[in-house]
Amino acid sequence: MSEKDDLLPEPAERLLAEWPIPEPSDEVWEARALAIEAAMADAGETSGISDDALLAAPLPAEPGEGGEADVEPEPAPMSLAELARQSIGDGAASKDEDFARDALSVASQARASQPVIPASVRAEAARIAIRNKPAEAVPTPAPTLSSASVPPSPSPSRAPWIASALLLSGLVIAVAIVWRARTPQDPIAFMPKTAETPAAVAAAPESTAGADPEAMTFDQLPGETKNGTPAAAGGKAPRAAGGAGAVAKVEAPAPVAADPDPPAPKAAAKPGPDEDEKGLKPAASPTDVPQKPSSGAVNAAIGSVLGGARACLAGHKEPSRATLTFGSDGRVQSVAVAAPAGGTAAEGCIRAALSRARVQPFSRPTFSVGVTVRP
Amino acid sequence: MPQKTDRELVDAARGGDAGAFGVLVRRHQKRIYRLAVHLLKDGAEAEDVAQETFVRAYRALDRFDGRSEPFTWIYRIAVNLSLNAIRSRKTRRVGPSPDDPRIEGAMVDKNPSTGNPHGAAADRELAVALADGIDSLSDTLRTTLILVVIDGLSHAEAAETLGCPEGTVAWRIHEARRKLRLHLDDSGHGDAGKSS
């Protein structure tokens, strides 16, 4: 492929290469630079995204992407249905076969509401598949299980290692069997935990868009989760637990469960005390004062007064930039209005309008935010 | 007096000279803003991201290891902040909106006194189709295309910014153009328009 072959039609290429963007005057650029310098001097942080995330390579690889950085893709984990079918097809023990059939049933029923089969269920199914097919390596997400794929005739020098691996595998399988025995005929004992992921994900947009900015911090914004920051992960679960998503989380498995004793699966799936606490802890206790106002609160506060500020620019053509500084009590301490409205009659009007913004109290001395006021 | 290089300015800023970083801000803020406008499709958001980019870069100066150029390092911060802002939006914006600054910008450059109305309408349609096509690309392809084709970064600079090999950048550009060409064909702005 030559670069020339790639080219778009000439007008499109020309537009791409010279795509102009409406830019403000030099005075406005200077005002913006001054605002940046002022913000640099401010001691606190202005966003929840961590420095690590900020400085990391920004984008995931594109499917089909070439290049030196390409690494061998990890084999996709087998679907629950595939693992179950494999177990049935390989003449599993009747108990395992039951589990496999149940797993198939769960997979088919859960497909509609559970887009993600959790690793725990996959791992359990994989264990059975591996046990029934010891001589063949089965792709599995659980790394410890790979030791179970034992060559049929080990060399003497590797024998001790293989024996250890077999012993370990046996231990793992024994634990798995005991664990399953505690929840007889309940293949979806994991499901309450299973449902947590999609429920939390489903609840995330709602939590972001929710009308409770007080409880939402920058660290809980959905963009943060993509980066996998711990703050983000911890931020969503509580919302799901407390919001509408929590209902789905608990009730989703109910129609699938054939267990006549509903509390049993809950008990079996109940996470450990730490995990439970982590998952159900509210986003912020009412007594906690956040370090800085949340983005939602700031947006809401500014949104409520922006109309008034815009009215001040009636007759103007250019937007103006203002910098609001909130005090720790949540009130606006100062408003700096840059050109072109700065220094005109509109400045006082904008200042008065924006000064009415309020956010929740926070612990930092001040918090500054830039606002563009358009006519 | 010769102008200080970006690296010299960064070194000075690390040594406590905030004014040196101010020079860096004035040198690159237009490009960062322009990049953010293309990524975010929103002038006000782009302005905020541009401001935060420099503030965060200033505060992370001690983490700049000098292996890359300062401006590609700042670009990376701007890209990350822009993508974060997109993910944080409450609603997903599909396609160019009527007040999309890119469309506005594409039309501002045309001289109304010399252009005919039909030509202006066609230009606008092309800009909308192109913007729509760009928006339909994945974040990865879109960002790479914007950095290289629209913003004019070399493949090496884009690779440094995105933390991937140059070959990957080239592949992404090829792939983005291929998809854009399909999109333009579908929207009636394909090769037929090449002669215009």
Side-chain angles (χ1 to χ4, degrees), chain A residues 1 3 6-13 15-23 29-30 32-33 35-37 39-42 45-47 49 51 53-62 64-70 205 208-209 221-227 295 319 321 369-372 374, chain B residues 18 21-22 25-26 29-30 34 37 43-44 47-48 51-52 54-56 58 60 63 76-77 79-81 83-84 87-88 90 101-102 104-106 108-109 126-127 130 138-141 143 149-150 162-165 167-168 171-175 177-178 180-181 184 189-191 193-194 196:
Chain A
M1 68 178 177
E3 185 124 339
D6 285 348
L7 293 180
L8 301 174
E10 195 267 333
E13 279 295 335
L15 178 57
L16 281 176
E18 301 164 1
W19 202 316
I21 291 297
E23 285 188 4
W29 281 121
E30 182 57 25
R32 288 183 185 179
I36 291 170
E37 287 180 320
M40 278 158 47
D42 188 7
E45 286 199 7
T46 51
S47 161
I49 183 169
D51 278 353
L54 200 65
L55 302 175
L59 295 162
E62 187 74 5
E65 188 167 284
E68 305 146 40
D70 276 3
T208 309
L221 292 173
E224 305 292 305
T225 8
K226 282 231 170 183
N227 294 327
S295 60
R321 182 86 181 151
V369 63
V371 185
T372 301
R374 298 180 178 281
Chain B
F21 198 81
V25 169
R26 285 166 180 80
Q29 66 172 344
K30 290 184 186 178
R34 185 180 144 91
V37 165
E47 198 181 325
D48 291 342
Q51 171 170 337
E52 193 172 358
F54 287 107
V55 172
R56 297 297 297 266
Y58 180 70
R63 298 187 63 173
R76 177 180 283 199
I77 294 174
V79 169
N80 274 320
L81 286 173
L83 294 174
N84 195 52
R87 291 173 192 137
S88 304
K90 291 175 183 172
R102 297 172 302 171
E104 195 187 332
V108 156
D109 219 31
L126 175 63
L130 207 47
S138 68
D139 278 350
T140 302
L141 294 185
T143 305
V149 180
I150 296 180
L162 300 176
C164 65
T168 302
W171 182 87
R172 288 179 186 171
I173 296 298
H174 167 75
E175 187 67 4
R177 276 203 167 106
R178 186 184 67 78
L180 270 185
R181 198 184 311 115
L184 290 178
H189 295 87
D191 284 338
K194 224 169 185 172
S196 62

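This structure is a prediction, so every number in the text was calculated from the model and none was measured. Residue numbers begin at 1 in each chain, while the letters A, B, ... track the order of the sequences.
- The two residues L162(B) and A57(A) make their nearest non-hydrogen contact at O-CB, 3.4 Å.
- Minimum interatomic distance between L130(B) and A12(A) (heavy atoms only, all atoms of both residues): CD2-O, 3.6 Å.
- Considering CG of L7(A) and CG of L180(B), their distance stands at 12.0 Å, rounded to 0.5 Å.
- Taking each heavy atom of A39(A) and Q51(B) in turn, the nearest pair found is CB-NE2, 3.7 Å.
- If you measure heavy-atom distances from V37(B) to chain A, the contacts under 4.5 Å come from the side chain alone.
- The line from CG of L59(A) to CG of D139(B) is 6.5 Å long, rounded to the nearest 0.5 Å.
- Across all non-hydrogen atoms, the minimal contact from E47(B) to T372(A) is OE1-OG1, 2.9 Å.
- When heavy atoms are compared at a cutoff of 4.5 Å, I150(B) approaches chain A by way of both its backbone and its side chain.
- T140(B) contributes no side-chain N or O that, together with a main-chain N or O of A61(A), makes up a donor-acceptor pair within less than 3.5 Å.
- Residues L83(B) and P58(A) approach most closely at CD1-O, 3.9 Å, considering heavy atoms.
- The pair R172(B)-E62(A) fails the salt-bridge criterion, with no side-chain N (NZ, NE, NH1 or NH2) lying under 4.0 Å from an Asp/Glu carboxylate O.
- The structure places CZ of R63(B) at 9.0 Å from CG of L54(A), a figure rounded to the nearest 0.5 Å.
- The CZ atom of F21(B) sits 8.5 Å away from the CD1 atom of I36(A) when rounded to the nearest 0.5 Å.
- Between R32(A) atom CZ and K30(B) atom NZ the span is 10.5 Å, to the nearest 0.5 Å.
- Listed here is the closest heavy atom pair of A60(B) and L55(A): CB-CD1, 4.4 Å.
- Using modelled atom types, no side-chain atom of R26(B) and backbone atom of W29(A) make a donor-acceptor pair closer than 3.5 Å.
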